**Q** 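Got a structure for you, questions after.
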Amino acid sequence: MNMKNILKFALVTVASIVAVNRADAQWTGPKGKPTKEVEVKYGTLTPPHRTDDDMEAFRSYGLGQFIHWGIYSIAGNEWNGVSARGGAAASEWIRSWGGPTAPKDWTKTYDNLYKQFNPKNFDAKRWAKQAKDMGAKYVIFTTKHHDGFALWPTKYSDYNISASPYKKDLVKQIVDAYTAEGIDVYLYFSVLEWNNPNYMGKAPKTDEEKEKFGKFLAYTRNQLLEQLDNYPKIKGFWFDGTWDASWKSTYEFTYNLEKELREKHPGLIIGSRFRNDEHGSRHFDSNGNILGDYEQGWERKLPTEFEWLNGNDWDAVMTIPPNGWGYMKDWSGIYTKTTDDLLDMLMRSVSMNGNFVLNFGPDGNGNMHPEEDKIAKEVGEWIKLNAEAVYGVRHAALTPSKLGYFTQKDDNLYLTVFNRPVNGIVRIAVPKNAKQVPGTATLLISSKNLELKQSDIGLDLDKNTYYDVTLPKDFQPNKAFVVKMKLVAPKAKSAKLMDAKM
């Protein structure tokens, strides 16, 4: 091995180690930047922090809806009264059900469920109206999950909606109905396909394996281009099933495919989950640059600190049951998130410049779960009253509050209070050198003026001053509420106190 090759091998090794370490840590803490820059040929394709209209719209969504729907909805995470909870990773993964509880010949049974898929109660307009009333600004819809069954009449596979009793294009109905309600549509697309004979999890090695997987890659490309042809109104893709060694080994193909998709559909938004660089680094390349337009790794989790995000756009996708994406008949015996839980997560997300995407798993007839209907109604009622603090807002550079979450729009500061103070005083910490401070305060729900005064507490070495908002004694809400403040230039500097002598 000559010196040039030795150096190249060393760089790849370092990059691979960094990629593994960063993959382990990037969703649980700050993202560590690599100590050394390495050559990356198949890195990011878009500029960071896009400022085009489509990306600016993404930043203002606030709330989105995820819909997991497919033939797994017929089963509802059980079969013949036997629950799949202990044998399948999630309800939409039920085809992989194994262990002592799995029905005999289950895979064969599952692969024939499409012959029963006939959602007679499905009404895309009804779903879209519900989403709009809930306050969703975008929807992510599953066009094809890991089982490979396509909800549109794809020309490239017989395993699609036209082979079912229902026959009609479900994806088109969703795109048209949601777009008509002013809700932007993103299409979920799983690369991984369990029952596709040309798919493999391992990286192809032999000529035969490479030829076989090459057919799968051509098929995947054809389906994605087909979706762009069929549904030109969509705003982006949400990719899944891209973690196997086979897909990771095709970094040149995926790089060119992303380029082709973007050229075909200018303004297309793609998350960080689609592909990796030549060193195997996913979501972010080996130098820490995001591979896509936004962070797509916040699945059933939220960042603890704003700084973890490094200024990247992001969204969090969240289930109501612990890990129930597809339809689950039985919600008993497990904690299901309440409307209050979800509103807290929503405001936590938007306070850190993210979007919150709430998942729905309709049943095989096209109906939402009754609890999903209830939550959608309650979320919508709350957002209707507090929309000003939710949409088009940004992170407020203030000390985080124990009472709730700050959002900001121009010179308007909002504090969504989830933990009402027992003394009725909402205290806000503001840096002493701040150029803007609260000048007036009102209750957003009623526009009622609230008493506001500055409180110099006089803590030693404290870099903050404090503004106290007094809540009316007769104001006893049963949901989170928003205090709106108008920011103004400070009237006077905080008093300079002598430091305590230690």
Side-chain angles (χ1 to χ4, degrees), residues 1 5 8-9 12-13 15-16 19-20 23 39-43 45 70-71 93 95-96 107-108 110-112 114 142-163 187-230 237-265 268 270 273-283 285-286 291-292:
M1 187 180 291
N5 287 338
K8 185 176 181 180
F9 175 78
V12 170
T13 302
S16 298
V20 170
E39 181 183 355
V40 176
K41 185 177 178 181
Y42 299 100
L45 277 163
I71 58 174
W93 282 62
R95 184 186 185 272
S96 63
T107 299
K108 183 178 179 181
Y110 183 91
D111 286 347
N112 281 283
Y114 75 94
T142 46
T143 65
K144 175 173 72 78
H145 209 270
H146 307 330
D147 59 12
F149 183 73
L151 298 187
W152 80 101
T154 176
K155 296 182 293 186
Y156 302 100
S157 166
D158 294 331
Y159 195 43
N160 72 67
I161 193 66
S162 62
L187 300 183
Y188 167 107
F189 184 96
S190 172
V191 169
L192 182 159
E193 285 195 11
W194 287 319
N195 67 351
N196 190 313
N198 292 319
Y199 185 82
M200 62 187 73
K202 65 176 185 175
K205 299 293 184 184
T206 67
D207 290 343
E208 182 181 354
E209 288 176 341
K210 290 176 182 177
E211 181 181 1
K212 181 180 174 183
F213 197 65
K215 292 178 182 177
F216 177 80
L217 295 178
Y219 155 78
T220 301
R221 172 183 173 273
N222 285 335
Q223 284 200 325
L224 288 170
L225 293 175
E226 180 181 49
Q227 288 195 354
L228 289 182
D229 283 333
N230 289 0
F237 284 115
W238 201 98
F239 287 103
D240 201 5
T242 57
W243 48 75
D244 279 342
S246 53
W247 186 256
K248 289 171 68 176
S249 72
T250 64
Y251 50 82
E252 183 176 4
F253 168 84
T254 56
Y255 176 89
N256 289 323
L257 178 55
E258 181 183 332
K259 184 186 292 186
E260 187 174 14
L261 295 174
R262 291 187 184 279
E263 288 172 352
K264 186 176 181 65
H265 193 302
L268 193 69
I270 297 175
R273 210 178 211 169
F274 181 46
R275 62 183 182 85
N276 50 269
D277 68 12
E278 64 265 41
H279 309 301
S281 186
R282 301 178 65 236
H283 292 282
D285 72 17
S286 300
L291 290 169

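What you see is a predicted model; the values in this text were computed from it and never measured. Atom set for the values below is all heavy atoms of this structure, side chains included, hydrogens, waters and symmetry mates excluded.
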**Q** How far apart are the C-alpha atoms of Leu268 and Leu228, what are their side-chain angles, what is the distance that settles it, and do they pass the side chain to side chain contact (heavy atoms under 4.5 Å, CB included) test?
**A** CA-CA 10 Å; Leu268 193 69; Leu228 289 182; 4.2 Å; yes

**Q** Any chance you could lay out the side chain to side chain contact (heavy atoms under 4.5 Å, CB included) test for Asn276 and Asp285, step after step, and finish with the verdict?
**A** CA-CA 7 Å; Asn276 50 269; Asp285 72 17; over 6 Å; no

**Q** Identify, with sequence neighbours excluded, every residue that meets ring pair (Phe, Tyr, Trp, His ring centres under 6.0 Å) alongside Tyr114.
**A** Tyr159

**Q** With rounding to the nearest 0.5 angstrom, report the CZ to CH2 distance, Phe213 to Trp247.
**A** 7.0 Å

**Q** Under the ring pair (Phe, Tyr, Trp, His ring centres under 6.0 Å) rule, collect the residues that match up with Trp152, sequence neighbours excluded.
**A** none

**Q** Answer yes when Lys259 and Glu263 have at least one side-chain N-carboxylate O distance shorter than 4.0 Å, and no when they do not.
**A** no

**Q** What's the spacing between Leu217 CG and Asn198 CG if we round to 0.5 Å?
**A** 9.5 Å

**Q** Who pairs with Phe237 by ring pair (Phe, Tyr, Trp, His ring centres under 6.0 Å), at least two apart in sequence or on another chain?
**A** Phe239

**Q** For the backbone of Ser286 and the side chain of Asp277, can you confirm whether one donor and one acceptor N or O come within less than 3.5 Å of each other?
**A** yes

**Q** Which residue in the set Ile270, Val191, Leu291 passes side-chain contact (heavy atoms from CB on, under 4.5 Å) when paired with Arg275?
**A** Leu291

**Q** Looking only at heavy atoms, which two atoms of Thr142 and Leu151 are closest? And how far apart?
**A** O-CD1, 3.3 Å

**Q** Mind checking side chain to side chain donor-acceptor pair (under 3.5 Å) for Asn196 and listing every partner two or more places apart, or none if nothing turns up?
**A** Glu193

**Q** Look up atom OG in Ser249 and atom NZ in Lys205, then write down how far apart they are to the nearest 0.5 Å.
**A** 7.5 Å

**Q** Verify whether one side chain among Ser190 and His146 offers a donor that lies under 3.5 Å from an acceptor in the other.
**A** yes

**Q** Residues two or more places apart in sequence or in another chain: which of them pass salt bridge (charged side-chain N to carboxylate O under 4.0 Å, His left out) with Lys264?
**A** Asp229

**Q** Under the rule for side chain to side chain donor-acceptor pair (under 3.5 Å), what residues qualify as partners of Thr242, not counting sequence neighbours?
**A** Arg282

**Q** Set out, in order, the CA-CA distance, both residues' side-chain angles and the distance that settles side chain to side chain contact (heavy atoms under 4.5 Å, CB included) for Arg95 and Asn195, then state yes or no.
**A** CA-CA 10 Å; Arg95 184 186 185 272; Asn195 67 351; 3.5 Å; yes

**Q** Can you list everything that forms a side chain to side chain donor-acceptor pair (under 3.5 Å) with Asp147? Sequence neighbours excluded, please.
**A** Tyr110

**Q** For Glu260, what residues pass the salt bridge (charged side-chain N to carboxylate O under 4.0 Å, His left out) criterion, not counting sequence neighbours?
**A** Arg221

**Q** Can you tell which of Trp194, Tyr188, Phe189, Trp238 makes a ring pair (Phe, Tyr, Trp, His ring centres under 6.0 Å) with His145?
**A** Tyr188

**Q** Return the set of residues passing salt bridge (charged side-chain N to carboxylate O under 4.0 Å, His left out) with Lys202 (not counting sequence neighbours), or none when no residue passes.
**A** Glu209

**Q** Tell me if a side-chain donor or acceptor on Asn112 pairs with a main-chain N or O of Lys108 at a distance below 3.5 Å.
**A** yes

**Q** Can you tell me how far the CZ atom of Phe274 sits from the CG atom of Leu45, to the nearest 0.5 Å?
**A** 10.0 Å

**Q** Return the set of residues passing ring pair (Phe, Tyr, Trp, His ring centres under 6.0 Å) with Tyr42 (not counting sequence neighbours), or none when no residue passes.
**A** Tyr251, Tyr255

**Q** Hey, could you give me each pair passing salt bridge (charged side-chain N to carboxylate O under 4.0 Å, His left out) that has a residue in residues 238-257? Not counting sequence neighbours.
**A** Asp240-Arg273

**Q** For the pair Gln227 (side chain) and Leu187 (backbone), establish whether a donor and an acceptor sit closer than 3.5 Å, ignoring hydrogens and angles.
**A** no

**Q** Report yes or no: does Glu278 contribute a side-chain atom to a donor-acceptor pair with the main-chain N or O of Lys41 at less than 3.5 Å?
**A** yes

**Q** Could you pull out all residues at least two apart from Ser162 that satisfy side chain to side chain donor-acceptor pair (under 3.5 Å)?
**A** Asn160

